[in-house]
Amino acid sequence: MSDILDQLSVVLEERKQAGAESSYVASLHAKGLNKILEKVGEEAFETVLAAKDAEITKNNQALICETADLWFHSLVMLSHLGEDHRSVLAELARRFDVSGLEEKASRIKK
Ligand SMILES: N=c1c2ncn([C@@H]3O[C@H](COP(=O)(O)OP(=O)(O)OP(=O)(O)O)[C@@H](O)[C@H]3O)c2ncn1[C@@H]1O[C@H](COP(=O)(O)O)[C@@H](O)[C@H]1O
């Protein structure tokens with residue numbers, strides 16, 4: 001399933017050279033990091049609202065769409081700064097099987 005992330009990261013990389021008038025991703029790069037961060041913040045807020053609605057309506061469809069928007073804009077942010085999903089997946093893999101509570105306790109001891 002991470003195939004789509006691999007494919008999308010190739011497209012996002014290509015869009016750094018594309019014209020802003022022909023591509024949404026290129027237009028974000030052209031507007032710069034602040035615009036990309038504004039979109040990430042906006043999509044995070046919309047995701048939170050969709051999660052609250054989902055709990056009430058018992059329908060997760062809008063939540064899934066908003067989360068996809070958030071992930072997508074986060075990938076554009078990473079791409080703008082020279083990273084991609086592989087770094088994030090590697091970090092999650094590094095954390096795998098390490099209890100969040102244990103990790104927090106080990107930080108407090110340091
Ligand atoms: N996955 C996505 C994707 N998800 C969301 N979006 C766009 O993200 C935008 C932001 O959503 P909003 O609801 O905030 O829309 P908006 O009101 O137009 O945004 P603003 O004017 O406020 O900035 C919309 O235009 C969506 O179409 C995406 N745009 C592109 N992709 C992927 O990126 C590829 C490259 O896209 P282009 O660069 O446009 O060719 C595409 O082939 C897709 O695979």
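Both ligands and their constituent atoms are indexed starting at 1 by order of listing.
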Q: Within the 4.0 Å heavy-atom shell around Glu43, which atoms of ligand 1 are there?
A: 11 (O), 14 (O)
Q: Would you say that more than 12 heavy atoms from the other residues, nucleotides or ligands in this model lie under 6.0 Å from the NZ of Lys52, or not?
A: no
Q: Can you name the atoms of ligand 1, numbered from 1 with element, that are less than 4.0 Å from a heavy atom of Leu8?
A: 32 (C), 33 (O), 44 (O)
Q: Would you say atom 20 (P) of ligand 1 has a protein heavy atom nearer than 4.0 Å?
A: yes
Q: Who are the ring pair (Phe, Tyr, Trp, His ring centres under 6.0 Å) partners of Phe45, not counting sequence neighbours?
A: none
Q: For atom 38 (O) of ligand 1, find the nearest protein heavy atom and state the residue, atom name and distance (0.1 Å precision).
A: Ser23 OG, 2.5 Å
Q: For ligand 1, which atoms, with element, lie under 4.0 Å from some heavy atom of Arg15?
A: 35 (C), 37 (P), 38 (O), 40 (O)
Q: Would you check, one step at a time, whether the test side chain to side chain contact (heavy atoms under 4.5 Å, CB included) holds for Leu28 with His80?
A: CA-CA 9 Å; Leu28 285 178; His80 194 80; over 6 Å; no
Q: Return the closest protein heavy atom for atom 8 (O) of ligand 1 as residue, atom name and distance.
A: Tyr24 CE2, 3.2 Å
Q: Could you tell me whether atom 27 (O) of ligand 1 has at least one protein heavy atom nearer than 4.0 Å?
A: no
Q: Which of the atoms in ligand 1, numbered in the order shown and given with their element, are less than 4.0 Å from a heavy-atom of Glu42?
A: 14 (O)
Q: I'd like to know if the side chain of Lys35 reaches the main chain of Ser27, judged simply by a donor and an acceptor atom lying under 3.5 Å from each other, with no hydrogens or angles considered.
A: no
Q: Checking the side chain of Ser79 only, and the main-chain atoms of Leu75 only, is there a donor and an acceptor separated by less than 3.5 Å?
A: no
Q: Purely on distance, is any nitrogen or oxygen of Lys39 under 3.5 Å from one on ligand 1?
A: yes
Q: Where does the angle between the aromatic ring planes of Tyr24 and Phe72 fall among parallel (under 30°), tilted (30 to 60°) and perpendicular (over 60°)?
A: parallel
Q: Would you verify that at least one protein heavy atom lies under 4.0 Å from atom 1 (N) of ligand 1, or report that none does?
A: yes
Q: Grouping I, L, V, M, F, W and Y whenever their side-chain heavy atoms are under 4.5 Å apart, do Leu101 and Phe96 come out in a common cluster?
A: no
Q: May I ask whether atom 10 (C) of ligand 1 is less than 4.0 Å from at least one protein heavy atom?
A: yes
Q: Just wondering, do Asp84 and Leu12 contact through their side chains at under 4.5 Å, heavy atoms?
A: no
Q: By number and element, which atoms of ligand 1 are closer than 4.0 Å to a non-hydrogen atom of Val11?
A: 34 (C), 35 (C)
Q: Consider ligand 1: state whether an atom of it lies below 4.0 angstrom from any non-hydrogen atom of His73.
A: yes
Q: How far does OG1 of Thr47 sit from CD of Glu42, to the nearest 0.5 angstrom?
A: 10.5 Å
Q: Nearest 0.5 Å, what's the OG-CD distance between Ser9 and Gln7?
A: 9.5 Å
Q: Looking only at N/O atoms, are Phe72 and ligand 1 under 3.5 Å apart anywhere?
A: no
Q: Under 4.0 Å from atom 31 (N) of ligand 1, do we find at least one protein heavy atom?
A: yes
Q: Report the part of Val25 (side chain from C-beta onward, or backbone N, CA, C, O) that has a heavy atom under 4.0 Å from ligand 1; answer both or neither where that applies.
A: both
Q: Roughly how far apart are His29 NE2 and Lys16 NZ, rounded to 0.5 Å?
A: 6.0 Å
Q: Short check: is a protein heavy atom less than 4.0 Å from atom 42 (O) of ligand 1?
A: no
Q: Taking only heavy atoms of Asp69 into account, list the atoms of ligand 1 that are under 4.0 Å away from them.
A: 4 (N), 5 (C)
